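Here's the structure, in structure tokens; my notes come after.
By convention in this document, chain letters (A, B, ...) are assigned in the order of the sequence lines, proteins followed by strands, and residues within each chain are numbered from 1. It should be emphasised that the depicted structure is a prediction, and the values quoted were computed from it without experimental measurement.
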Amino acid sequence: MKILVAVKQVAFLDDEFEMRDDGRDVDADFFEKDLNEFDHFSVEEAMLIKEAAGDAAEVVIAIIGDEDADDALRTALAKGADRGIRVWDEALADADGVAVARVLAKVVEREKPDMVFTGAQSADFGSAVTGMALAGLLGWPHTAVVCNLDYAPGAGTATIRRELEGGLEEIMTIRCPAVLSIQLGINQPRYASLRGIKQAKQKPVDELSLDDLGLSAAEVVPAARVRRMYAPERGKAELITGSAAEQAARLAEIIKELRGM
Amino acid sequence: MANTGSAYDILFTPIKIGPKTLKNRFYQVPHCIGAGTNYPGFQMAHRGLKAEGGWGAINTEQCSIHPECDDSLRITARIWDEGDMRNLRPMVDHIHQHGALAGCELFYGGPHAPGLETRTISRGPNQYNSDFATVPGCPGFTYNHMADEDEIDRLQQHYVNAALRARDTGYDIVDVYGAHAYGPMQWLNPYYNTRTDKYGGSFENRARFWIETLERIRKAVGNDVALVTRCSIDTLYGDAGVEVGEDGLKFIELASPYLDMWNVNIGDITEWGEDAGPSRFYRIGHQNEWIRHIKQATNKPVVAVGRYYDPEKMLEVINTGVVDIIGAARPSIADPFMPNKIREGRFEDIRTCIGCNVCISRWEMGGVPFICTQNATAGEEYRRGWHPEKFEPAKSDKDVLVVGAGPAGSECARVLMERGYTVHLVDARDKIGGYVNDVATLPGLGEWGYHRDYREIQLNKLVKKNKQSQIALGQKRMTADDVLNYGAARVVIATGAHWSPIGLNHRTQKPIPGADASLPHVLTPEQVFEGKKPVGKRVMIINYDPYYMAPSLAEKFARAGHEVTIASVGGVGAYMEYTLEGPNTHRMLHELDITILGETGCSRIEPGRVELFSIYGEGSKRQYKGSGQLPRKENDSHHWHECDTVILITSRRSNDSLFRELKARKSEWAKNGIDNVFVIGDAEAPRIIADATFDGHRLAREIEDESPQHQKPFKREQKVWGVAYNPGENPELEWRL
Ligand SMILES: Cc1cc2nc3c(=O)[nH]c(=O)nc-3n(C[C@H](O)[C@H](O)[C@H](O)COP(=O)(O)OP(=O)(O)OC[C@H]3O[C@@H](n4cnc5c(N)ncnc54)[C@H](O)[C@@H]3O)c2cc1C
Ligand SMILES: Cc1cc2nc3c(=O)[nH]c(=O)nc-3n(C[C@H](O)[C@H](O)[C@H](O)COP(=O)(O)OP(=O)(O)OC[C@H]3O[C@@H](n4cnc5c(N)ncnc54)[C@H](O)[C@@H]3O)c2cc1C
Ligand SMILES: Cc1cc2nc3c(=O)[nH]c(=O)nc-3n(C[C@H](O)[C@H](O)[C@H](O)COP(=O)(O)O)c2cc1C
Ligand code: SF4
């Protein structure tokens, strides 16, 4: 019995930052990197299933990313996952959710897990597409934004609860194996202990290339391309003070300025 | 400073004070630290550090000009002789090394200084006994002698001689101390001065002593030093004292020509909490209703105080012409590096004074070095070598688990992380701060939350620097198994303490019969904070604690419409006399109609009533009556008092079960990779926040030392036998025969 959890290393911006010269992303010097917040919950959910099954389940963490992403992978392993897989190739540098899903699909074929978890979305880009694209590629049942899960390892189905618009909740049964994208708050993620952190350093991690997975660079070309990333100009606010007449005069001035009169 | 175009530039713009130039607008006003002249290393390091931290001028504490002014057992500086000058000089030199000015506050207390060591009698305009508790708890104890003109001349000469010694010690500024009802203020203030000669009566006559003294000092020192005087421009007694709109402003106008700068504040010594206002009653800039008038009456620079910790407020008071220079005592204690942090734009790193006045409490009780709740290194600079901003790098890669993120645990974790250790800080609460989170919800104590905020901000920054470190809040309470399995090489238990739920107390060291906080009508302070138990109309607070919990909870419930009675074995909030919160706390208790039953203990609690007794009800005669018999008459003062809810403020007990279990399982440490387990803060023994913070800090500094659980001896400053204090003295015993 095996659960595969796909995790992402996300970037947080410093208070002040600069854009990359090509204007398509923020200069990486201004990032702080960390495990995607959602993935703390999906890893925890896998760990809870594993522990409930008396450790009979194996939890495998998969990440697409360069050496830097090791930190996020080890963070997940430190919480008790059994082993990791890291896939990297320069061709993945611009990968989007669909490209990442293609790679993950190959990892799933290789690992044959009974269940796949992803985060509902990532904290930095938030496109919420990777998990669902993966399910599509695999042709597996899938449910997005899961906020409660009842699943016994090896069972043929799982019961899931989702929150819908307008405060509605939906309970559904899904055939397994399946791809579930996990919502914040589904559980209370644990922190790694120092022992967990130390052990994570020793845990096996398969480092795979596209080749190893039988993928070519052409197959991971992003479906979409970022043309420009920029901070939109902030609207200016001004507190208009003074007597009613003074305020009216200032208001008229501003309107004129804006209309270029 | 080069103009950087920043709004804060004005704070870093130099200003002339007579012959001297103050490099910026940060002025450490005189404040006691417990060093005086007897601890020259302490004096030097504490003041010198502030020069390093960017203060433009740093003053001594009140510095007695002559043995006739002896403030013991409160520790103050003295500049009586060459021995004192030698001991003060390191302070001056250290300050000068960092380009700051050094000031000396010339202090003559009159009867507010009791002369307990020298056995002298002070001189004053009239005879009166001090309204200040010269001996703590005993106002009215100390008298002075009315000076005639010979004595006036002699006293003024004491000032002149002291000013010359200050100059020769290297001080740049001498400040004639006339605030806090000291020195020349007793002559100006009609509250004390009822003379009828040329030194009493009219304003001009009452001002004469002060003006003459300034004139004589100026004549003696010329332009070698900047001449400043500290003046309370309103003593807050209405027309019974000095009022800003009357004598206050008139005196500013009259004395300005003799001075290079004004150092002004309000209040007197008996209620000097009106100046060093505790945050319970006063906010930043609280003196400005009075201070804002001063600059109209003088063209000399003005420095004033008001617990200035916020750069925005500093800008406001300078830009609106309230003052020219920011004076600070407590903010400089809590963060000696505040000016540098402001200059560097590191506002979030300022260790903000919380206004608890624990620093002052140590001076008020007398005889001991001061401490600071926020800054654990205050007073420890010289004797332990603790720099507030710099740390010894980690000496090993042994990681540390800290259980409990209260003052002790969070400070310990902060300092360990600053040193470069990998630290995991774990707490069951979902916020850093431990008990401070509750304390800060009490009436008036919101600013105490700055203690937590500082640590929270710093810890969050520090964990980003070391990805191996972690702050885990909102966790289930750690058990011994959790700790043993955690994988840390070192474990620090900082699990705090709790108020006894059964009324354990220091007078019997036993529970109070019937006291049981598992019953619906009996609450501990913790249960009050939780807010889950209903509280009835008539609240009875059983108080065995000397600090703020009883008055705080009484205030909380009285404001919520309950009828509150405090039955208290000791003075309610007795320790608050030392933090200067006392007078206004008692006014508040009075205003809220809270009934206080003094010298009262509790012998039994039942639903709907408590049995109280006078703690002095046993009869004064001691008599041996055989074993098993009290050697006095049985206490016959017990009586029942009806109430709906009882709040137990009795003794505190350490939450040490986790520590004790880990100690009991010492044999399992090695196989779990644990080197050592320590216990700090309230979990070791209940104490005040300042001391819990200190303890966490200390362990983090000393964790590689021989026995880190036990403090490393510090460098002591003691008089060395056989060495004369003054040149030409014989240190041997010399009988006068
Ligand atoms: C507006 C927008 C702009 C974009 N701009 C860029 C860009 O400039 N450059 C660029 O490279 N891509 C860009 N992308 C693509 C996309 O953000 C990333 O490729 C990302 O890998 C997948 O999408 P996501 O981060 O939003 O994850 P989501 O689809 O929101 O899903 C998050 C979950 O997917 C899984 N997952 C995501 N990434 C990985 C991974 N690397 N390894 C393992 N599991 C993973 C995790 O389980 C995670 O919790 C953009 C997307 C959008 C919507
Ligand atoms: C009601 C009360 C009022 C006080 N008022 C004042 C005052 O006015 N002035 C003053 O100076 N001092 C006061 N004190 C004392 C002061 O609050 C303490 O000295 C200080 O908070 C002690 O700090 P600490 O870090 O040792 O413990 P605490 O602040 O108690 O912190 C202990 C922390 O450990 C956590 N914890 C405990 N066990 C576990 C566990 N097994 N696993 C995980 N976490 C755990 C708790 O959640 C808590 O956050 C008061 C104390 C109390 C109890
Ligand atoms: C611990 C302590 C000791 C003090 N001792 C003196 C003193 O010796 N002489 C003096 O003029 N003022 C003394 N003060 C008062 C301060 O100079 C200052 O007026 C007061 O604390 C208000 O300023 P603040 O709000 O910046 O603390 C002392 C204040 C503190 C906190
Ligand atoms: S002890 Fe309290 S009042 Fe005094 S400086 Fe420190 S924080 Fe401020």
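If you measure heavy-atom distances from A:Ala192 to chain B, the contacts under 4.5 Å come from both the backbone and the side chain. At a 4.5 Å heavy-atom cutoff, B:Val423 makes no contact with chain A through either its backbone or its side chain.
When all heavy atoms of B:Gly487 and A:Leu194 are compared, the closest pair comes out as O-CB, 3.7 Å.
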Could you work out all donor-acceptor pairs shorter than 3.5 Å where one atom is in chain A and the other in chain B?
unit_1, atom_1, unit_2, atom_2, d
A:Lys33, O, B:Lys467, NZ, 3.0
A:Gln188, NE2, B:Gly474, O, 3.4
A:Ala192, O, B:Gln470, NE2, 2.8
A:Ala192, O, B:Tyr486, OH, 3.3
A:Leu194, N, B:Tyr486, O, 3.2
A:Arg195, N, B:Tyr486, O, 2.6
A:Arg195, NH1, B:Asn485, O, 3.2
A:Arg195, NH2, B:Asn672, O, 3.1
A:Lys198, NZ, B:Asp399, OD1, 3.4
A:Lys198, NZ, B:Asp399, OD2, 3.0
A:Lys198, NZ, B:Gly487, O, 2.5
A:Lys201, NZ, B:Gln468, OE1, 3.4

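When the shell of 6.0 Å around CG of A:Asp22 is examined, it contains more than 12 heavy atoms from other residues, nucleotides or ligands.
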